[in-house]
Amino acid sequence: MYAIVKTGGKQYKVAVGDVVEVEKLEGVPGTELSLAAVLVVDGTDVTTDADALAKVSVTGKVVEHTKGPKIRIHKFKNKTGYHKRQGHRQKLTRVEVTGITVK
């Protein structure tokens, strides 16, 4: 059984026991949280109906907060002497999926 969950504007395929890195979520390590399911697959049974998905709960536990890789941004305009350098590291949260339940 696996589910497609949506968080931070992105969708992730998760199963029980998986650890996924998602955009930063609130909570200290060890905090339980629930993720919104978009699709659930159980063998050959696929659930996409909104009413049926309202009964599905995907629970997880915050493992840690990390940062993504450094991204270097360099803007340049020719013949004007314009250079702009900037860096970015996205804040991430590792979540361990503890359960997918269909009520």
Side-chain angles (χ1 to χ4, degrees):
M1 174 186 255
Y2 68 89
I4 305 293
V5 296
K6 184 176 181 179
T7 180
K10 298 179 182 78
Q11 295 180 358
Y12 302 91
K13 178 182 175 183
V14 297
V16 176
D18 287 353
V19 177
V20 292
E21 282 189 343
V22 299
E23 289 197 16
K24 185 165 189 213
L25 299 172
E26 295 298 320
V28 296
T31 304
E32 292 286 328
L33 53 91
S34 67
L35 301 169
V38 177
L39 176 129
V40 176
V41 177
D42 187 10
T44 58
D45 185 30
V46 178
T47 306
T48 58
D49 183 39
D51 294 332
L53 287 173
K55 299 174 185 172
V56 174
S57 66
V58 179
T59 57
K61 181 175 71 170
V62 175
V63 177
E64 67 176 341
H65 298 290
T66 61
K67 286 185 179 180
K70 178 88 170 190
I71 297 172
R72 289 180 172 77
I73 300 132
H74 182 223
K75 295 181 181 179
F76 170 78
K77 290 192 178 174
N78 197 17
K79 299 179 185 174
T80 62
Y82 174 77
H83 288 271
K84 182 178 181 183
R85 291 182 183 88
Q86 186 177 356
H88 176 74
R89 287 188 76 182
Q90 185 67 38
K91 294 181 181 179
L92 303 172
T93 301
R94 284 189 187 201
V95 176
E96 179 183 0
V97 178
T98 56
I100 300 172
T101 56
V102 180
K103 299 173 189 171

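Just so you know, these numbers use all the heavy atoms, side chains as well, and skip hydrogens, waters and symmetry mates.
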Provide the closest heavy-atom pair for [X] versus [Y] in the form atom of the first, atom of the second, distance.
X: Thr47; Y: Leu53; value: O-CD2, 3.8 Å
X: Ala37; Y: Val56; value: CB-CG1, 4.1 Å
X: Gly60; Y: Val95; value: CA-CG1, 4.2 Å
X: Pro29; Y: His65; value: CD-CD2, 4.4 Å

To the nearest 0.5 angstrom, please state how far the [atom1] atom of [X] sits from the [atom2] atom of [Y].
X: Gln86; Y: Arg72; atom1: CD; atom2: CZ; answer: 13.0 Å
X: Ile100; Y: Asp18; atom1: CD1; atom2: CG; answer: 8.0 Å
X: Lys67; Y: Lys91; atom1: NZ; atom2: NZ; answer: 6.5 Å
X: Lys10; Y: Glu21; atom1: NZ; atom2: CD; answer: 11.5 Å
X: Gln11; Y: Lys6; atom1: CD; atom2: NZ; answer: 6.0 Å
X: Leu39; Y: Lys13; atom1: CG; atom2: NZ; answer: 10.5 Å

Legend entry - Option from Val62, Thr31, Leu92, Thr93 for which side-chain contact (heavy atoms from CB on, under 4.5 Å) with Leu25 holds: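 Answer to the side-chain contact (heavy atoms from CB on, under 4.5 Å) test with Leu25 among Val62, Thr31, Leu92, Thr93: Thr93.
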
Inset, instruction - Determine the interplanar angle of the His83 and Phe76 rings, folded into 0 to 90°, and report it as parallel if under 30°, tilted if 30 to 60°, perpendicular if over 60°. - result: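 Geometry flag for Phe76 against His83: tilted rings.
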
Hydrophobic cluster identity match, [X] and [Y], side-chain contacts under 4.5 Å:
X: Val58; Y: Val102; result: yes
X: Val5; Y: Val41; result: no
X: Met1; Y: Val16; result: yes
X: Val20; Y: Tyr2; result: no
X: Val14; Y: Leu33; result: yes

Inset, instruction - Decide yes or no on salt bridge (charged side-chain N to carboxylate O under 4.0 Å, His left out) for Lys61 and Glu32, but give the supporting numbers first. - result: CA-CA 5 Å; Lys61 181 175 71 170; Glu32 292 286 328; 6.0 Å; no

Inset, instruction - Would you confirm whether Arg89, through its side chain, and Gly68, through its main-chain N or O, come within 3.5 Å as a donor-acceptor pair? - result: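 Yes, the answer is positive, given that a donor and an acceptor are paired below the 3.5 Å cut-off.
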
Legend entry - Any donor-acceptor pair under 3.5 Å from Asp45 side chain to Asp42 backbone: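 Checking the backbone N and O of Asp42 against the side chain of Asp45, no donor-acceptor pair under 3.5 Å is found.
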
Inset, instruction - Return the set of residues passing salt bridge (charged side-chain N to carboxylate O under 4.0 Å, His left out) with Lys79 (not counting sequence neighbours), or none when no residue passes. - result: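 Salt bridge (charged side-chain N to carboxylate O under 4.0 Å, His left out) list for Lys79, sorted by chain: empty.
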
